[in-house]
Chemist: 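Provided herewith is a single structure, encoded as structure tokens, for subsequent inquiry.
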Amino acid sequence: MGDCIFCKMANGEIRPDVVYEDDQVLAFRDLNPQAPTHVLVIPKRHISTLNELSPADAELTGRLFLAAREVAEADGIAERGYRTVINCNAEAGQSVFHVHLHVLGGRPMRWPPG
Ligand code: 5GP
Ligand code: ZN
């Protein structure tokens, strides 16, 4: 996916503010943070939306959440609480079409979300 910005981050072409990395997953701070902690956790392999996940991606999906847990712990928000969000397609407001898990915390969150 030559023009995918998150693929460029995954392959090192663009280096964001990385907070976690392993062989399959990268996590970095959002450019336009919506909370004191706003980190995006992505699979290094290009998957455009949640709809494109397959059963073969079950372990990878779990790794995204395990990375989110690490990020929350490292930012000191694990016990206070935080939110994880994956926006899928237009009505959810997805703007980058490479699956990413938002980790948001450091302030009280309202429910329901907008
Ligand atoms: P979405 O709306 O697709 O769920 O979330 C996309 C997120 O990616 C947004 O929160 C946006 O601020 C973030 N984003 C877009 N481009 C960049 C970038 O170049 N660098 C970083 N760090 N975040 C980005
Ligand atoms: Zn991509």
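Counting starts at 1 for both ligands and their atoms, in listed order. Keep in mind that this is a model prediction, so the values were computed, not measured.
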Chemist: Ignoring hydrogens, just give me the one of Asn89, Leu31, Val85, Ile5 whose non-hydrogen atom is nearest atom 24 (C) of ligand 1.
Modeler: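 Looking at heavy atoms only, the winner is Leu31.
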
Chemist: Short list, please: which atoms of ligand 1 are under 4.0 Å from a heavy atom of Asn32?
Modeler: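 Answer, ordered by atom number: 12 (O).
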
Chemist: Please tell me whether Asp75 and Thr37 have a donor and an acceptor in their side chains that are separated by less than 3.5 angstrom.
Modeler: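 A donor-acceptor contact under 3.5 Å links the two side chains.
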
Chemist: Less than 4.0 Å from atom 16 (N) of ligand 1, is there any heavy atom belonging to the protein?
Modeler: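 So atom 16 (N) of ligand 1 lacks protein heavy-atom neighbours under 4.0 Å.
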
Chemist: Output yes when Arg63 and Asp23 qualify as a salt bridge under the 4.0 Å nitrogen-oxygen rule, no when they do not.
Modeler: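 Answer for the salt bridge query: yes.
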
Chemist: Got the closest protein heavy atom to atom 3 (O) of ligand 1, with its distance?
Modeler: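 Nearest neighbour among protein heavy atoms for atom 3 (O) of ligand 1, to 0.1 Å: Ser95 N, 2.6 Å.
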
Chemist: Is there a polar contact, in the sense of an N or O pair closer than 3.5 Å, between Asp30 and ligand 1?
Modeler: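 There is such a contact, yes.
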
Chemist: Could you check atom 8 (O) of ligand 1 against the protein and tell me its nearest heavy-atom contact, residue, atom and distance included?
Modeler: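 Result: Leu40 CD1, 3.5 Å.
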
Chemist: Return yes when Pro16 approaches ligand 1 closer than 4.0 angstrom through a heavy atom, no otherwise.
Modeler: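 Heavy atoms of Pro16 never come under 4.0 Å of ligand 1.
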
Chemist: Within less than 4.0 angstrom of ligand 1, does Phe6 place any heavy atom?
Modeler: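 Per 4.0 Å heavy-atom rule, Phe6 contacts ligand 1.
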
Chemist: Under 4.0 Å from a heavy atom of Phe28: give me the atoms of ligand 1 that qualify, with their elements.
Modeler: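 What qualifies from ligand 1 is 22 (N).
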
Chemist: Quick check: of its N, O or S atoms, which one does His98 have closest to the Zn ion (ligand 2)?
Modeler: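 The nearest such atom is ND1.
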
Chemist: His102 vs His38 aromatic rings, parallel, tilted or perpendicular, using cut-offs 30° and 60°?
Modeler: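 Judged by the thresholds at 30° and 60°, the geometry between His102 and His38 is tilted.
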
Chemist: In this structure, would Val41 and Val96 fall into the same cluster of hydrophobic residues linked by side-chain contacts under 4.5 Å?
Modeler: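 As far as the 4.5 Å side-chain criterion goes, Val96 and Val41 are not connected within one cluster.
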
Chemist: Is there any N or O on Gly93 that sits under 3.5 Å from an N or O of ligand 1?
Modeler: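 Gly93 vs ligand 1: N/O contact under 3.5 Å present.
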
Chemist: Quick test of your reading of the model: are Glu73 and Arg69 salt-bridged, counting only N-O distances below 4.0 Å?
Modeler: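 Looking at Arg69 together with Glu73, the answer is no, because their closest N to O distance does not fall below 4.0 Å.
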
Chemist: Could you grab the distance from atom OG1 of Thr49 to atom CG of Asn87, nearest 0.5 Å is fine?
Modeler: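 Here the interatomic distance stands at 11.5 Å.
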
Chemist: In ligand 1, which numbered atoms sit nearer than 4.0 Å to a non-hydrogen atom of Gln94?
Modeler: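 Going through ligand 1 atom by atom, the ones under 4.0 Å from Gln94 are 3 (O).
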
Chemist: Name whichever N, O or S atom of His46 ends up nearest to the Zn ion (ligand 2).
Modeler: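 Relative to the Zn ion (ligand 2), the closest nitrogen, oxygen or sulfur of His46 carries the name ND1.
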
Chemist: Which of the listed options, His100, Arg29, Met9, holds the heavy atom that is closest to atom 1 (P) of ligand 1?
Modeler: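 It is His100 whose heavy atom sits nearest to atom 1 (P) of ligand 1.
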
Chemist: Are Arg45 and Asp57 ion-paired here, with the side-chain N under 4.0 Å from a carboxylate O?
Modeler: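 Answer for the salt bridge query: yes.
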
Chemist: So, the side chain of Gln34 versus the backbone of Asn32: is there a donor-acceptor pair under 3.5 Å, distance only?
Modeler: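 Answer holds: yes.
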
Chemist: So what does the Cys4 SG - the Zn ion (ligand 2) - Cys7 SG angle come to, to 10°?
Modeler: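 Seen from the Zn ion (ligand 2), SG and SG are separated by roughly 120°.
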
Chemist: Any link between Val39 and Leu26 through a network of hydrophobic side chains (Ile, Leu, Val, Met, Phe, Trp, Tyr) touching at under 4.5 Å?
Modeler: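 Cluster IDs for Val39 and Leu26 differ.
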
Chemist: So, the side chain of Gln94 versus the backbone of Ser48: is there a donor-acceptor pair under 3.5 Å, distance only?
Modeler: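 Side chain of Gln94 to backbone of Ser48: a pair is present.
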
